[in-house]
2 protein chains.
Amino acid sequence: MSDKKKDNTEEKILNAAQTVFIKKGMDGSRMQEIADQAGINKALLHYYFRTKQKLFEAIFAKVFKQTFPNIGKFMLSEMPIEEKLGTFIEKYISLILRNPFYPSFILKEISRDPEFLATVIKSQGVNPNEIFEMFEKEMEAGNIRRMDPRDLMINILAMSVFPFAAKPLINIMFFGNDKKAYNSFLKKRKDTVKEFVLNSILIK
Amino acid sequence: MSDKKKDNTEEKILNAAQTVFIKKGMDGSRMQEIADQAGINKALLHYYFRTKQKLFEAIFAKVFKQTFPNIGKFMLSEMPIEEKLGTFIEKYISLILRNPFYPSFILKEISRDPEFLATVIKSQGVNPNEIFEMFEKEMEAGNIRRMDPRDLMINILAMSVFPFAAKPLINIMFFGNDKKAYNSFLKKRKDTVKEFVLNSILIK
DNA sequence: ATATGATTTAACCAGATGGTTAAAGATATA
DNA sequence: TATATCTTTAACCATCTGGTTAAATCATAT
């Protein structure tokens with residue numbers, strides 16, 4: 001067998017599908033466009049992935065996994081909370097900066113097929129409870145303000161994700177369509193978000 | 001002319017279209033489904049709105065306008081900054097609580113047709129500069145921390161909007177699919193977001 | 001050399017979709 | 001009653017879309 005060829009084509013298809021699906025979503029994407037993008041024809045596309053649904057699920061699962069990186073390691077380590085949160089925010093926004101279209105893709109698709117979403121999440125084995133417990137210990141220790149740990153987690157995710165998900169909107173409304181200005185603004189978010197969060201919750 | 005009947009049908013269509021478009025987006029919506037939802041037939045639908053595109057644009061513009069309420073009045077008033085921001089956050093989250101699907105709809109569509117988005121925004125006459133200037137004055141007066149006013153605005157919008165836009169995801173991941181629990185959590189967001197923001201920026 | 005899998009070509013299909021049309025009813029107004 | 005508008009019915013069309021198929025070609029490992 002020509003494994004190399006097979007791998008290469010499958011990879012080409014997955015890359016093409018990711019490009020198209022991320023830009024246009026499941027509903028807005030066309031199999032023909034994915035085939036074109038991959039430099040192959042539609043027949044071969046179906047030869048590898050029988051249906052659009054299967055191809056989409058492969059992409060969604062892949063992107064979704066990348067969107068929730070392994071944060072357990074250092075979030076549950078012995079670092080001071082300030083450093084833990086700082087590291088997480090930095091890593092997370094860096095991840096999004098490397099994949100700026102992930103947020104809008106994920107947000108677009110999570111409401112389309114909740115059952116499939118549940119499947120993907122469960123196969124992930126994400127367990128935020130440990131992190132919530134860690135937050136609560138820090139509160140009891142008097143290191144951070146008392147609050148619902150879920151509020152804290154959601155606020156951090158929100159501030160990290162939203163400026164990318166709403167990019168076209170914010171770009172026009174707040175940056176006069178100056179894309180360079182907005183991009184350099186986004187690069188600074190690692191620091192500004194960190195500052196905003198720590199200023200809000202840290203007890204000095 | 002039977003203006004009443006006309007108005008009524010047009011309204012029925014707009015309501016139906018809003019329901020369907022908001023749930024499924026432009027690409028995922030079908031004219032037949034909108035007709036069914038309005039209790040009329042497809043021919044009449046095209047009699048009122050010639051094309052799907054025109055109907056969608058009507059809905060998007062309407063929803064978009066509602067999503068950016070008149071905040072100028074009190075944001076530029078003589079209230080202390082604490083009260084201004086508190087009022088805005090309360091009003092804004094209340095608005096979303098009344099229309100919980102607006103955020104995901106707007107986010108879904110803003111990246112689909114940026115030119116149309118620009119048109120809608122411009123027809124809105126939104127001018128955030130006055131509010132940014134107000135923020136800057138408050139910073140100079142030493143009432144709030146120094147920061148880019150756009151960061152502040154974006155953070156508030158992010159924390160208000162994100163938990164609704166990512167509802168299915170958060171609901172599964174953080175609330176074990178307990179919808180009631182998540183809904184009552186969302187109702188508290190008016191207070192928790194306000195607290196989070198003010199704790200971060202206020203200089204006491 | 002041949003068998004096997006990868007790839008292309010090209011035609012095809014069924015169903016859905018947006019949109020049109022014509023004719024007939026219904027309804028209100030003048 | 002006559003007129004104009006609103007509404008339905010139902011058939012129809014062109015196009016697109018996902019998906020299939022069969023035959024031919026290409027590449028490669030044995």
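Note: hydrogens, waters and symmetry copies are ignored here, and every other heavy atom, side chains too, is used. Protein chains get the first letters and strands the later ones, always in sequence-line order, with residue 1 at the start of each.
For Lys54(A), the NZ atom sits in a loose shell: 12 or fewer heavy atoms of surrounding residues, nucleotides or ligands are nearer than 6.0 Å. Other residues, nucleotides and ligands contribute only 12 or fewer heavy atoms inside 6.0 Å of the CD atom of Glu82(B).
In this structure, Phe88(A) and Tyr92(A) have parallel ring planes: the angle between them is below the 30° cut-off, well short of the 60° mark.
Distance CG (Asn8(B)) to P (dA28(C)): 12 Å, rounded to an integer number of Å. Straight-line distance from the CG atom of Leu45(B) to the C1' atom of dT20(C): 13 Å, rounded to whole Å. Regarding Lys54(B), its NZ atom lies at a distance of 16 Å from the C1' atom of dT20(C), rounded to whole Å. Protein atom NE2 of His46(A) is 13 Å distant from nucleotide atom C1' of dT21(D), rounded to whole Å. Whole-Å rounding puts the Glu10(A) CD to dG5(C) P distance at 16 Å.
Between Phe175(A) and Phe185(A), the ring centre distance stays below 6.0 Å. The aromatic ring centres of Phe64(B) and Phe60(B) sit less than 6.0 Å apart.
The ring pair (Phe, Tyr, Trp, His ring centres under 6.0 Å) analysis of residues 144-174 of chain A, with sequence neighbours excluded, yields the pairs Phe174(A)-Phe132(B).
Arg145(B) contributes no side-chain N or O that, together with a main-chain N or O of Leu202(B), makes up a donor-acceptor pair within less than 3.5 Å.
Geometrically, Arg112(B) engages Phe56(B) in a cation-pi contact, judged by NZ or CZ lying under 6.0 Å from the ring centre and within 45° of the ring axis.
Checking Asn183(B) against Lys167(B) by side-chain atom types alone, a donor-acceptor pair falls below 3.5 Å.
Between dG19(C), dG19(D), dA6(C), one nucleotide has an atom nearer to the side chain of Lys52(B) than all others, and that is dG19(C). For Tyr47(B), counting side-chain heavy atoms from C-beta on, the closest listed nucleotide (dT7(C), dT5(D), dG18(C)) is dT5(D).
Within residues 12-31 of chain B, the residues approaching DNA chain C are Ser29(B), Arg30(B), Met31(B), by heavy-atom distance under 4.0 Å. A heavy atom lying under 4.0 Å from DNA chain C marks the following residues of residues 32-44 of chain B, by number: Lys42(B), Ala43(B).
In the helix from dA1(C)-dT30(D) to dA30(C)-dT1(D), the end axes, each obtained as the rotation axis mapping the C1' atoms of four pairs onto the next four within a five-pair block, lie 10° apart to the nearest 10 degrees.
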Please tabulate, for the side chains in residues 30-38 of chain B, all donor-acceptor contacts under 3.5 angstrom to protein atoms that are two or more places apart in sequence or on a different chain.
from: Arg30(B); atom 1: NH1; to: Asp27(B); atom 2: O; distance (Å): 3.3
from: Arg30(B); atom 1: NH2; to: Asp27(B); atom 2: O; distance (Å): 3.3
from: Gln32(B); atom 1: NE2; to: Asp36(B); atom 2: OD1; distance (Å): 3.0
from: Glu33(B); atom 1: OE1; to: Lys24(B); atom 2: NZ; distance (Å): 3.4
from: Glu33(B); atom 1: OE2; to: Lys24(B); atom 2: NZ; distance (Å): 3.2

Sequence neighbours left out, cut at 3.5 Å: what donor-acceptor pairs do the side chains of residues 150-158 of chain B make with other protein atoms?
from: Arg150(B); atom 1: NE; to: Asp148(B); atom 2: OD1; distance (Å): 3.2
from: Arg150(B); atom 1: NE; to: Asp148(B); atom 2: OD2; distance (Å): 3.4
from: Arg150(B); atom 1: NH2; to: Asp148(B); atom 2: OD2; distance (Å): 2.9
from: Asp151(B); atom 1: OD1; to: Arg189(A); atom 2: NH1; distance (Å): 2.7
from: Asp151(B); atom 1: OD1; to: Thr192(A); atom 2: OG1; distance (Å): 3.4
from: Asn155(B); atom 1: OD1; to: Arg189(A); atom 2: NH1; distance (Å): 3.0
from: Asn155(B); atom 1: OD1; to: Arg189(A); atom 2: NH2; distance (Å): 2.7
from: Asn155(B); atom 1: ND2; to: Asp151(B); atom 2: O; distance (Å): 3.3

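Side-chain N/O atoms of Thr51(A) include none lying less than 4.0 angstrom from OP1 or OP2 on dG18(D). Between Thr9(A) and the phosphate of dA6(C), there is no side-chain N or O to OP1/OP2 separation shorter than 4.0 Å.
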